[in-house]
A.B. asks: 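Sharing a structure, written as structure tokens. Questions coming.
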There are 2 protein chains.
Amino acid sequence: MSKQKTVGLPVLEPDDAVVPCCPPLTAAELSAEDAERMAAMFKALSDPVRLRLFSKVASHPGGEACVCDIADVGVSQPTVSHHLKKLREAGLLTSERRGTWVYYAVAPSVVAAMSATLDLRTAT
Amino acid sequence: MSKQKTVGLPVLEPDDAVVPCCPPLTAAELSAEDAERMAAMFKALSDPVRLRLFSKVASHPGGEACVCDIADVGVSQPTVSHHLKKLREAGLLTSERRGTWVYYAVAPSVVAAMSATLDLRTAT
DNA sequence: TCACTGTTTCGACGTCTGTCGATGCCCGGA
DNA sequence: TCCGGGCATCGACAGACGTCGAAACAGTGA
């Protein structure tokens with residue numbers, strides 16, 4: 001819980017992350033743990049500012065963008081950084097520092113999992 | 001802020017509802033208004049209890065269930081009712097009273113729209 | 001080395017949200 | 001008509017969340 005000040009940016013290891021959690025909601029009742037995990041992902045997108053930030057990253061060529069390119073969403077930069085951190089912690093974005101700038105990119109597998117979870121195709 | 005219309009709760013007409021809001025997040029930046037609307041839908045699923053309730057309804061045969069069948073999620077009944085109301089207001093569920101019991105059903109179009117919004121297939 | 005810029009972290013504040021018990025409304029059965 | 005059960009609403013409270021300014025950190029260029 002306490003990432004002190006040792007590393008600049010952990011970037012969230014792919015195998016330690018949030019990935020495998022998403023049976024379709026129609027398949028069976030979610031367990032309490034799965035519900036907790038899924039809710040955290042939806043919560044990450046439950047804020048307009050975060051949604052716009054995510055959209056800006058996702059719609060950028062290559063699915064990645066510099067903070068400086070997306071920071072204009074009507075709130076202060078500390079707030080932007082705060083929201084990007086939330087998206088990172090939810091596993092929806094990854095970050096990478098390249099010289100002066102930090103680039104954020106979508107984590108396709110996690111987003112695809114969310115989409116699949118909402119897939120209602122079950123009975124035909 | 002901007003919550004003034006309060007939708008009595010009458011089942012939410014299909015054409016007056018929350019439906020058409022969801023371009024894929026990769027297609028273009030969300031406008032502030034669209035972001036607001038989408039965020040509201042994600043927020044409805046951003047709570048573990050709501051997610052379990054929704055899952056219970058969605059996984060029931062026919063995609064509908066009586067409140068009495070799904071109310072066991074570890075919180076009090078007023079709380080269950082409160083969460084179902086939230087899901088209803090977000091357009092994800094519809095409710096219908098049948099005699100003594102109230103049945104909730106998923107609104108497939110709205111859920112499908114959310115799923116489509118998260119679809120990352122775009123650039124290739 | 002220093003100065004400058006981009007980004008994150010910190011601390012604080014007001015608001016929103018989930019939760020509960022108590023209460024009220026609606027319906028079916030006696 | 002009254003009673004009883006299912007569900008919604010009300011009012012209140014603690015905790016979480018979004019927001020900001022100030023400050024710290026990281027890299028570049030001179």
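Computed from a predicted structure; not experimentally measured. We name chains A, B, ... by the order of the sequence lines, and we start the count at 1 in each one.
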A.B. asks: How long is the line joining NZ of A:Lys85 and P of D:dC17, in whole Å?
C.D. replies: 13 Å

A.B. asks: Could you please name the option among D:dA22, D:dG18, C:dG18 that lies closest to any side-chain atom of B:Arg50?
C.D. replies: C:dG18

A.B. asks: Which of the following nucleotides, D:dG21, C:dT19, C:dG21, is nearest to the side chain of A:Pro78?
C.D. replies: D:dG21

A.B. asks: Between A:Gln77 and B:Val102, which residue's closest nucleotide on DNA chain D lies nearer the 5′ terminus?
C.D. replies: B:Val102

A.B. asks: Heavy atoms only, 4.0 Å cut-off, all strands: where does B:His82 land among base, sugar-phosphate and nothing?
C.D. replies: base

A.B. asks: Rounding to an integer number of Å, can you tell me how far B:Leu84 CG sits from C:dT19 C1'?
C.D. replies: 15 Å

A.B. asks: Name the nucleic acid region contacted by A:Arg98, choosing base, sugar-phosphate or nothing; use a 4.0 angstrom heavy-atom cut-off, strictly under.
C.D. replies: nothing

A.B. asks: Under 4.0 Å, heavy atoms only, any strand: does B:Tyr104 hit a base, just the sugar-phosphate, or nothing?
C.D. replies: sugar-phosphate

A.B. asks: How long is the span from the CZ atom in A:Arg50 to the NZ atom in A:Lys43, to the nearest 0.5 Å?
C.D. replies: 9.0 Å

A.B. asks: Should B:Val111 and B:Phe54 count as side-chain neighbours, where that means a heavy-atom distance under 4.5 Å?
C.D. replies: yes

A.B. asks: So for atom CG, which belongs to B:Asp72, do other residues, nucleotides or ligands contribute more than 12 heavy atoms lying within a distance under 6.0 Å?
C.D. replies: no

A.B. asks: Just the rounded figure in Å: distance from C1' of C:dT7 to CD1 of A:Ile70.
C.D. replies: 12 Å

A.B. asks: Under 3.5 Å, is there a donor-acceptor pair between the B:Ser115 and A:Ser115 side chains?
C.D. replies: yes

A.B. asks: Across the strands shown, which category fits A:Val80 at heavy-atom distances under 4.0 angstrom: base, sugar-phosphate, nothing?
C.D. replies: nothing

A.B. asks: From the list D:dC7, C:dG6, D:dC20, which nucleotide is the closest neighbour of the side chain of B:Val67?
C.D. replies: D:dC7

A.B. asks: Nearest whole angstrom, please: distance from the C1' of D:dT9 to the NE2 of B:His83.
C.D. replies: 15 Å

A.B. asks: Would you mind telling me which of C:dT7, C:dG18, C:dT19 lies closest to the side-chain atoms of B:Lys86?
C.D. replies: C:dG18

A.B. asks: Under a 4.5 Å cut-off applied to non-hydrogen side-chain atoms, are B:Trp101 and B:Asp69 in contact?
C.D. replies: no

A.B. asks: Taking the side chain of A:Arg97 as its heavy atoms from C-beta onward, which of D:dG21, C:dC20, D:dG27 lies nearest to it?
C.D. replies: D:dG27

A.B. asks: I need the CD-C1' distance between A:Glu89 and C:dT8, as an integer number of Å.
C.D. replies: 12 Å

A.B. asks: If I take atom CZ in residue A:Arg52 and atom P in nucleotide D:dT19, what distance separates them, rounded to the nearest angstrom?
C.D. replies: 12 Å

A.B. asks: Using atom CD of A:Glu96 as one end and atom P of D:dA26 as the other, report the distance to the nearest whole Å.
C.D. replies: 17 Å

A.B. asks: Starting from C1' on C:dC26, measure out to OH on B:Tyr103 and report it in whole angstrom.
C.D. replies: 16 Å

A.B. asks: Would you check if B:Ser59 and A:Leu30 make a side-chain contact, meaning some heavy-atom pair closer than 4.5 Å?
C.D. replies: no

A.B. asks: As a test of reading the structure: which of C:dG6, C:dT9, D:dA8 is closest to the side chain of A:Arg88, going by heavy atoms?
C.D. replies: C:dT9

A.B. asks: With heavy atoms under 4.0 Å as the rule, sort B:Thr100 into base, sugar-phosphate or nothing.
C.D. replies: sugar-phosphate

A.B. asks: Does D:dA8 have OP1 or OP2 under 4.0 Å away from a side-chain N or O of B:Ser81?
C.D. replies: yes

A.B. asks: Side-chain contact, heavy-atom cut-off 4.5 Å: A:Leu93 with A:Leu53?
C.D. replies: no

A.B. asks: Flag the pair B:Asp47 / B:Lys86 as yes when at least one side-chain heavy-atom distance between them is below 4.5 Å, and no otherwise.
C.D. replies: no

A.B. asks: Restricting both atoms to N or O, compile the protein contacts to nucleotides 14-16 of chain D shorter than 3.5 Å, with distance only.
C.D. replies:
none

